[in-house]
Every structure is written in C-alpha cells, then in structure tokens.
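Note that these values count all heavy atoms, side chains included, but never hydrogens, waters or copies made by symmetry. Keep in mind the model is a prediction, meaning the values are calculated, not measured. Sequence lines set the chain letters: A, B, ... in the order given, protein chains first and strands last, and positions in each chain run from 1.
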There are 2 protein chains.
Amino acid sequence: MRMFQAMAKLSKKNWVEAGMISLAEKGIDGVKVETLSKQLGVSKGSFYWHFKNRDALIEAMLDDWQERATHAIINIVDDISEDPMERLVVLSNIIFRPTRFDGTEANWRIAGIKDSRVAAACKGIDATRIAYVRDLLVSIGVPLSQSKHRSHLLYMVLIGNTTWVQTGGRKMSKKEVNEIVSMLTSLDG
Amino acid sequence: MRMFQAMAKLSKKNWVEAGMISLAEKGIDGVKVETLSKQLGVSKGSFYWHFKNRDALIEAMLDDWQERATHAIINIVDDISEDPMERLVVLSNIIFRPTRFDGTEANWRIAGIKDSRVAAACKGIDATRIAYVRDLLVSIGVPLSQSKHRSHLLYMVLIGNTTWVQTGGRKMSKKEVNEIVSMLTSLDG
DNA sequence: ACCTGAACACCGTTCAAGT
DNA sequence: ACCTGAACACCGTTCAAGT
C-alpha cells in the first residue's frame, strides 16, 4: 500500500516492482493497472507506454521472479560456503523464513491454475530447485535414489507450508526447519 | 452459450442453472451478472430482485451442487443394487464418466482457493464421498484400515483426473476405471 | 411479484496531444 | 522518451419507476 512520488520518470522496473508487491499481498487479481498507476503517481495511460497491456506486465513479473526465486538464491547460498551440509542449512532457513515476498510463491502457484505460461514457469523453477537440493544431498553422501526422494519431499513440505500460510496457517519454526534438515541428511534408513 | 426467451417470469432456479453452466464452461470468473442476464433475456436489474448480489448467487450454486454432487449420486447408486460390489462399479463409472458438468468439480475446487466458503463445502463433500466408498469397501470385506487407505486413494485419483482433464489432459478409459475398481476390492495385500 | 432503464463506480485499453 | 486526459467498453450494484 505504499505510495511513490513521481519525482523522476519511471521505468519498466518500477512497474514490475509495484506489481510484485501487489501480487504478494493480494494475489494475481490484485495486480491492476489502475491501482498501480495511482500508487506510482501517474496516469493509467503512462502504463501503456511501458507495456503492451496488463498481460505483458505479468510476463515481465514472471521473468523477474524466475531470476530471483531460483538462481539468485542459489548463487547466494553457493557464495556462503563450499560445504554442502552448510549450504543446505542456509538454504532451508532462507526458503522457510518469512519475508515481505512470502505471498509471492503461493500466489504464483495459484495463478498458474488459470495461466499456462505461469504454470510452465512454476514447473521449471520447481525442477531446478529440486535438482539443486538433490545434488546437495548426494554431495553429503545420501544415495542418489534417496536424494531424489528426499529433495522431492522437502519441496512438497515447502509448497504445503507456503500454501497453508497463505490460507491462514502458522509459519514453521526454526526448530522445525532444523528437524527437517537433519532428517533429510541422515545417512541410514 | 444457449439463449433463453423470457417467455415466463424467472425464478432463482433459472439463474442458478445458468450460473452452473457458466461455471463448468468458464470457471468462477465466467459467472457474470451481465452475461447471465443476456443469456436469460432480461436486464441486469432483474438479477438483483432474486439475489442480494453476485456472491449470493455463488452461494446458491454451492448449495445446489452440494445436494446434487453427493447425496443425489449416492441415492441413485443405492437404488440400483443392494450389492456393495455392484454399487462400487456403478459409482466409479458415474464419477469418472464425462458429462456436461465435467468442469464443475475442478472449477469449484479452484474457486475454493480464493473463497473459504467454497473451500469448506469442498471439504465436506470430499469427506462424505470418501466415507461412502470406505463403507462400501468394508462391506465387500476389505479390512477397515485398508478401506480408509483405498477410498482416499480413489479420491485422489478422481481429483487428479478431473484437474488434469481441466488443464487439457485426456479422460480415463472405462478399462482404466475397471482396473482401479479391481485393485481397490482385492482382498489380499 | 418480477422487471426496466438509467445511473454510478471500477477497471482495461486506446490514442491524440503535450513536454 | 515518457506522460496526460479524455474517451470507450465491460461489469457489479443501486434504485425509482413500471406491469
């Protein structure tokens, strides 16, 4: 609900940012040309200089998210440590930690039901993340077939948790996150 | 997309019926006061004599569906035979068979994501159906704990199938339905 | 009891015109 | 290059007035 003064000319980026905040807070239907224009302090007409239509904005938001949601996080984690065990702990605490963009994940997934482009993007992101965790587990010493299984399990917990939170459920505690990590990395059964 | 002539005065029922068709064909967002009015050959104002607002129509549709989707089907099945095995076969072929209201199920479920009343209705319907199938399996001789398990499994297949169909997947064949039934009713492992 | 018609608010989209 | 302002279409909602 923040308002911006139109001190300088706007770029595509400004609209995408504002759109992402609306998405996280109100879902895909909350991303409205008129509302965003008011927030940014310009007329609706201005929007159509930057984008062909509302759909083009959604697509730009999707691109932005794909970059940040996967590669950006993976890069951060990779920079922090060489040790796969540490990486997994850091990653888990990032993805389960509450942020301003908490609603983003769940709301993209919901939007994917109606919009096949969104669905395709989700699918790609899911696969990248699951593969990354799978590789971490393999590096830790978990056999491949179990690593596949467990990385998938972790991801289901992530989706379940974000969806649940979105519909009023409580967040997972740090302790619960740690328990999951130790389950995933156990080398027996 | 059918049009009706306003030969007689309309009742709530007419609006609910038209709404259900729109829901099945176009999803919850396709249920529009203006569109329905045109289809029924009356003005938008007419709608607001029957319903407080669009939301009240959705609620009436939900009530209609709850009646028909569960109890009506169960009554039909119960009337056809006393034998639980036959009942299960008949039921499976009803719920997996393509009908004009095929989209209804999946679209209610999708609407449930945004509307907690819809979500609650889905939950109740799910529970009733699963319990009914569970009881059939128990009558056939499947142990209770396995019956719970298998009725739940069948229901997941049902949801998966309808959702999949809604997003462009193919329907299940009669043969596949029969295979599921024989799996569920097997008395070993 | 059921419906019309006009009005209003909200929002997506277009476009000529402005700086 | 970026924005305004007015216009139009679409749709939910209200309401006085009609039969």
Side-chain angles (χ1 to χ4, degrees), chain A residues 1-62 64 107 110-111 114-115 117-118, chain B residues 1-62 64 107 110-111 114-115 117-118:
Chain A
M1 275 308 158
R2 332 168 167 59
M3 304 292 260
F4 302 88
Q5 288 308 320
M7 335 198 86
K9 307 252 172 136
L10 297 172
S11 68
K12 267 191 180 207
K13 211 177 210 177
N14 299 115
W15 292 94
V16 169
E17 257 171 44
M20 292 295 281
I21 293 171
S22 286
L23 176 80
E25 289 175 351
K26 296 173 288 183
I28 196 77
D29 294 340
V31 181
K32 298 183 181 180
V33 174
E34 187 155 30
T35 308
L36 296 179
S37 303
K38 263 180 204 146
Q39 281 173 14
L40 294 172
V42 292
S43 73
K44 289 194 283 182
S46 168
F47 173 85
Y48 290 91
W49 191 86
H50 296 282
F51 299 92
K52 186 172 173 293
N53 52 27
R54 180 181 174 281
D55 229 54
L57 170 65
I58 304 294
E59 199 151 327
M61 287 166 56
L62 207 50
D64 184 65
N107 278 320
I110 289 166
K114 293 281 191 164
D115 186 333
R117 292 167 319 164
V118 175
Chain B
M1 277 309 156
R2 342 175 157 57
M3 305 290 262
F4 301 88
Q5 288 309 319
M7 337 198 83
K9 308 254 173 136
L10 297 173
S11 67
K12 266 191 179 203
K13 210 176 210 176
N14 299 114
W15 292 95
V16 169
E17 257 170 44
M20 292 295 281
I21 293 171
S22 287
L23 176 79
E25 288 175 352
K26 295 173 288 183
I28 196 76
D29 293 341
V31 181
K32 299 184 181 181
V33 174
E34 186 154 30
T35 309
L36 296 178
S37 302
K38 262 181 204 144
Q39 282 173 14
L40 293 171
V42 292
S43 72
K44 289 193 284 183
S46 168
F47 173 85
Y48 289 90
W49 191 88
H50 297 281
F51 299 93
K52 185 173 174 294
N53 51 29
R54 181 180 174 279
D55 228 54
L57 170 65
I58 303 295
E59 199 152 327
M61 288 167 57
L62 206 49
D64 185 65
N107 278 321
I110 290 166
K114 293 281 193 165
D115 187 331
R117 291 168 320 166
V118 176

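Applying the 4.0 Å criterion to OP1 and OP2 of D:dA1, one finds that A:Lys9 has every side-chain N and O outside that range.
Here D:dA1 presents its P atom at 19 Å from NZ of A:Lys13, a figure rounded to the nearest Å. As rounded to whole Å, 15 Å separates atom C1' of C:dC11 from atom CG of A:Leu57. Between the P atom of D:dC2 and the CG atom of A:Asn14 lies a distance of 11 Å, rounded to the nearest Å. Atom-to-atom, NZ of A:Lys32 to P of D:dC10 comes out at 18 Å; the value is rounded to the nearest Å. For the pair A:Leu36 CG and C:dC10 P, the interatomic distance rounds to 16 Å; values are reported in whole Å. If you take CD of B:Gln39 and C1' of D:dC11, they are 15 Å apart, rounded to a whole angstrom. Spacing between atom CH2 of B:Trp15 and atom P of C:dC2 amounts to 13 Å, rounded to whole angstrom units. In this structure, the CG atom of B:Asp29 is 14 Å from the C1' atom of D:dG12, given to the nearest Å.
A:Asp64 is linked by a salt bridge (charged side-chain N to carboxylate O under 4.0 Å, His left out) to A:Arg68, counting only residues two or more places apart in sequence or in another chain. Taking A:Asp55 as the reference, A:Arg117 meet the salt bridge (charged side-chain N to carboxylate O under 4.0 Å, His left out) condition, with sequence neighbours excluded. By the side-chain contact (heavy atoms from CB on, under 4.5 Å) test, A:Tyr48 is found to be paired with A:Val33, A:Asn53, residues two or more places apart in sequence or in another chain being considered. Under the side chain to side chain donor-acceptor pair (under 3.5 Å) criterion, A:Glu34 pairs with no residue at all, not counting sequence neighbours.
Heavy-atom contacts from other residues, nucleotides or ligands closer than 6.0 Å to NZ of A:Lys13 number 12 or fewer.
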Would you please test B:Leu57 and B:Val31 for side chain to side chain contact (heavy atoms under 4.5 Å, CB included) and show each step?
-> CA-CA 9 Å; B:Leu57 170 65; B:Val31 181; 3.9 Å; yes
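For the atom pair CD1 of A:Ile21 and CD of A:Gln39, the computed distance is 7.5 Å after rounding to the nearest 0.5 Å.
In the set C:dT4, C:dC11, D:dC11, the nucleotide with an atom closest to the side chain of B:Ser43 is C:dT4. For B:Val42, counting side-chain heavy atoms from C-beta on, the closest listed nucleotide (C:dC11, C:dC3, D:dG12) is C:dC3.
For the contact set between residues 44-54 of chain B and DNA chain C, defined by any heavy atom under 4.0 Å, the members are B:Gly45, B:Ser46, B:Trp49, B:His50.
For the pair A:Trp49 and A:Val42, the minimum side-chain heavy-atom distance is 4.5 Å or more.
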Can you give the dot-bracket line for DNA chain C, where a pair is Watson-Crick or G-U wobble with both atom distances under 3.5 Å, crossing pairs use [ ], and | marks a partner on another strand?
-> ||.|||||...|||||.||
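The aromatic rings of B:Trp15 and B:Phe47 stand perpendicular to each other, their planes meeting at an angle above 60°, with 30° marking the opposite boundary.
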